[in-house]
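Worksheet: one structure, shown below.
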Amino acid sequence: MKLRWISDKGGSDSDWMRTDREPEFDGASILVVEDDEDIRDLLVTLLEMAGYAVTACASAEHGLNALREGIFDFVLTDYALPNRTGGWLLRQAESEGLLDATPALVVTAHPNTPDLSGFEVFHKPFDLDDLVAHVRQRLDGD
């Protein structure tokens, strides 16, 4: 069965959104690190609707602590965070062995991100459907 989101217009543009009331956890957990509360809430809601278990943090330091305390299947972080960057978070987590085989994606509007070499970058503005599809592809190993 293909899950689809039905809008007021009766159409559907996104086949990744869950419409059933019973959550079906597919085993994938995602850490979202975003300092803007509205964007963080949007990303959490979006990824939960796509069927993922999401943990959210507002800073690189809190994100690093979450990685130290738990295991995640995917890390999605903003680049511009208070005090530190998403690049710092990923480099620090990598140096502590917290990202072994864990895909990470950085979202940013910054054109110059020298500390992201070796990490995948998703540039803002982005389409929400594209973001979820990309996360799903990375989790599926594509």
Side-chain angles (χ1 to χ4, degrees), residues 1-111 113 115-142:
M1 178 177 155
K2 193 172 190 181
L3 300 173
R4 299 175 0 154
W5 177 262
I6 307 301
S7 70
D8 296 355
K9 300 174 189 165
S12 173
D13 291 333
S14 305
D15 61 357
W16 54 264
M17 288 186 170
R18 298 183 56 84
T19 58
D20 56 345
R21 300 255 179 208
E22 294 294 319
E24 182 181 312
F25 181 59
D26 68 0
S29 59
I30 298 176
L31 174 64
V32 171
V33 184
E34 169 61 62
D35 60 316
D36 183 296
E37 183 178 6
D38 292 335
I39 295 173
R40 186 174 59 245
D41 290 346
L42 173 68
L43 290 172
V44 167
T45 300
L46 180 73
L47 293 167
E48 286 178 343
M49 289 176 71
Y52 298 110
V54 182
T55 300
C57 300
S59 71
E61 294 87 354
H62 287 127
L64 184 59
N65 285 334
L67 286 167
R68 289 173 177 154
E69 295 172 6
I71 297 172
F72 296 92
D73 298 304
F74 194 88
V75 177
L76 175 64
T77 183
D78 187 22
Y79 179 72
L81 297 166
N83 304 319
R84 308 275 186 179
T85 67
W88 175 88
L89 163 65
L90 297 178
R91 292 273 177 238
Q92 189 63 38
E94 193 174 58
S95 73
E96 294 181 28
L98 303 172
L99 288 183
D100 294 342
T102 302
L105 180 65
V106 181
V107 293
T108 186
H110 291 274
T113 53
D115 58 340
L116 293 181
S117 178
F119 291 105
E120 190 168 11
V121 178
F122 214 77
H123 290 280
K124 295 178 183 178
F126 53 80
D127 182 86
L128 296 176
D129 291 335
D130 290 344
L131 178 67
V132 172
H134 190 79
V135 169
R136 179 157 288 144
Q137 287 173 343
R138 291 296 309 274
L139 284 168
D140 290 344
D142 296 342

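We count residues from 1, following the sequence as given. All figures in this text were calculated on a predicted structure; none of them were measured in a lab.
- Interatomic distance, CG of L46 versus CG of D41, reported as 12.0 Å (0.5 Å rounding).
- To the nearest 0.5 angstrom, L139 atom CG is 10.5 Å from Q137 atom CD.
- Summarising the geometry, atom OG1 belonging to T55 is positioned 10.5 Å from atom CD belonging to E69; distances are rounded to the nearest 0.5 Å.
- Looking at every heavy atom in both residues, F72 comes nearest to S29 through CA-OG, 3.4 Å.
- Counting all heavy atoms, side chain and backbone alike, G86 lies closest to T77 at CA-OG1, 3.9 Å.
- Here the shortest heavy-atom pairing between G63 and L89 reads C-CD1, 3.8 Å.
- Expressed to the nearest 0.5 Å, how far CG of L81 lies from SG of C57 amounts to 10.5 Å.
- With sequence neighbours left out, F122 forms a ring-ring contact (aromatic ring centres under 6.0 Å, His included) with F126, H134.
- Judged by distance alone, the side chain of D35 and the main-chain N or O of S59 form no donor-acceptor pair under 3.5 Å.
- Rounding to the nearest 0.5 angstrom, the gap separating the CG atom in L43 from the CG atom in D38 is 11.0 Å.
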Discussion item. Run W88 and L64 through side-chain contact (heavy atoms from CB on, under 4.5 Å) and show every step you take.
Written reply: CA-CA 10 Å; W88 175 88; L64 184 59; 3.8 Å; yes
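- Between A56 and V44, the shortest heavy-atom distance links the atoms CB-CG2, 3.6 Å.
- Expressed to the nearest 0.5 Å, how far CD1 of I30 lies from CD of E48 amounts to 10.0 Å.
- Considering every non-hydrogen atom in both L31 and A66, the closest pair reads CD1-CB, 3.9 Å.
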Discussion item. Before you tell me yes or no, could you show the steps for R40 and D78 under salt bridge (charged side-chain N to carboxylate O under 4.0 Å, His left out), namely the whole-Å CA-CA distance, both residues' side-chain angles and the distance that decides it to 0.1 Å?
Written reply: CA-CA 9 Å; R40 186 174 59 245; D78 187 22; over 6 Å; no
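- In this structure, P82 and E61 approach most closely via the heavy-atom pair O-OE1, 4.1 Å.
- Test T85, D115, T113 against Y79 for side-chain hydrogen bond (donor to acceptor under 3.5 Å, both in side chains) and you get one pass: D115.
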Which pairs of donor and acceptor atoms, one on a side chain in residues 96-110, lie under 3.5 Å apart (sequence neighbours left out)?
from: E96; atom 1: OE1; to: R68; atom 2: NE; distance (Å): 2.9
from: E96; atom 1: OE2; to: R68; atom 2: NH2; distance (Å): 2.7
from: E96; atom 1: OE2; to: Q92; atom 2: NE2; distance (Å): 3.0
from: T102; atom 1: OG1; to: D100; atom 2: O; distance (Å): 3.4
from: T108; atom 1: OG1; to: H110; atom 2: N; distance (Å): 2.9

